[in-house]
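Worksheet for the structure shown next.
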Amino acid sequence: QKEVEQNSGPLSVPEGAIASLNCTYSDRGSQSFFWYRQYSGKSPELIMFIYSNGDKEDGRFTAQLNKASQYVSLLIRDSQPSDSATYLCAGFPLSAGGTSYGKLTFGQGTILTVHP
Amino acid sequence: DTEVTQTPKHLVMGMTNKKSLKCEQHMGHRAMYWYKQKAKKPPELMFVYSYEKLSINESVPSRFSPECPNSSLLNLHLHALQPEDSALYLCASSPRNTAEQYFGPGTRLTVT
């Protein structure tokens, strides 16, 4: 089982809709989660990070973390064609020593297309 | 300001060449990273520097040699690369090695 898994996609939503991107993780001790957006040919851009159970909102983006279910999600409200990109979920699994030492683990990514 | 800069943007090198990739951040971050990314794959961690000391080497071949001259700079020295090393090389930094990471624009490397 991969440490971080994303719903495989690709995901296509109409402009103005809510896009829902999901991620599950296997290491129950994982503490921190990150969502990156990556346009084709560009580098990953950090759009949200979440450390605590619950919701975190920033503009049109809401990150949700449910540690009991080992589940992280990203909601994009009022989706725009400019949101079309690959979205990468990432987390810090704990090493055998109990700390992650910076080894961010990425999911395989979900390709989102927002069509006009 | 969350800017990480990388030079060069593009690099083409032969298998016998020696070249270096450079990365710089002025955010006071104490952890810096090198990643390699192939098309349609997530970034793959190569090296982690924490407080200017190499803390993780993900079993990267010795033809890749990292260097951290100071807390703002990170280099990746390349020698005798193979065509399969062609990829996007990403530098990232974070306030500490368990915090959010900010990526630079990357260097697109082609080995001929």
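All chains are named by letter (A, B, ...) in the order of the sequence lines, taking the proteins before the strands, and each is independently numbered beginning at 1. The figures that follow rest on heavy atoms only: side chains count, while hydrogens, waters and symmetry mates do not. Please read all numbers here as calculations on a predicted model, not as lab measurements.
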Which residues share a ring-ring contact (aromatic ring centres under 6.0 Å, His included) with A:Y36, sequence neighbours left out: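 Per chain and number, A:Y36 pairs via ring-ring contact (aromatic ring centres under 6.0 Å, His included) with A:F106, B:F103.
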Within one Ile-Leu-Val-Met-Phe-Trp-Tyr cluster: [X] and [Y], side-chain cutoff 4.5 Å:
| X | Y | value |
| --- | --- | --- |
| B:L81 | B:V60 | yes |
| A:V114 | A:I76 | yes |
| A:F92 | B:V48 | yes |

Interatomic distance, [X] atom [atom1] to [Y] atom [atom2] [nearest 0.5 angstrom]:
| X | Y | atom1 | atom2 | result |
| --- | --- | --- | --- | --- |
| B:Q101 | A:L104 | CD | CG | 4.5 Å |
| B:S94 | A:F49 | OG | CZ | 11.5 Å |
| B:R108 | A:S43 | CZ | OG | 10.5 Å |
| B:L90 | A:K42 | CG | NZ | 12.5 Å |

- request: Could you tell me which non-hydrogen atom of B:I56 sits nearest to which non-hydrogen atom of A:K103, and how far apart they are?
  value: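 It is CD1-CG, 3.1 Å.
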B:Y102 to A:L46 - nearest heavy-atom pair and separation: CE2-CD2, 3.6 Å
More than 12 foreign heavy atoms under 6.0 Å from [atom1] of [X]: is that the case here?
| X | atom1 | value |
| --- | --- | --- |
| A:K56 | NZ | yes |
| A:K67 | NZ | yes |
| B:L54 | CG | yes |

- line: Assert top hit (heavy-atom pairs under 4.5 Å, partner chain A, pool B:G104, B:A39, B:P43) equals B:P43
message: For chain A, which candidate among B:A99, B:G106, B:A92 shows the most heavy-atom pairs at distances under 4.5 Å?
response: B:A99
task: Report yes if the side chains of A:Q108 and B:P42 come closer than 4.5 Å at any heavy-atom pair, otherwise no.
output: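 A side-chain contact exists here, since the closest heavy-atom pair is under 4.5 Å.
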message: Is B:Q6 close to chain A through its backbone or its side chain, or both, or neither, when contacts mean heavy atoms under 4.5 Å?
response: neither
message: With a 4.5 angstrom heavy-atom cut-off, is it the side chain or the backbone of B:E58 that approaches chain A, or both, or neither?
response: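 The side chain, not the backbone.
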query: What side chain to side chain donor-acceptor pair (under 3.5 Å) pairs are there with at least one residue in residues 44-54 of chain A, not counting sequence neighbours?
result: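 Listed once each, the pairs are A:R37-A:E45, A:Y51-B:E100.
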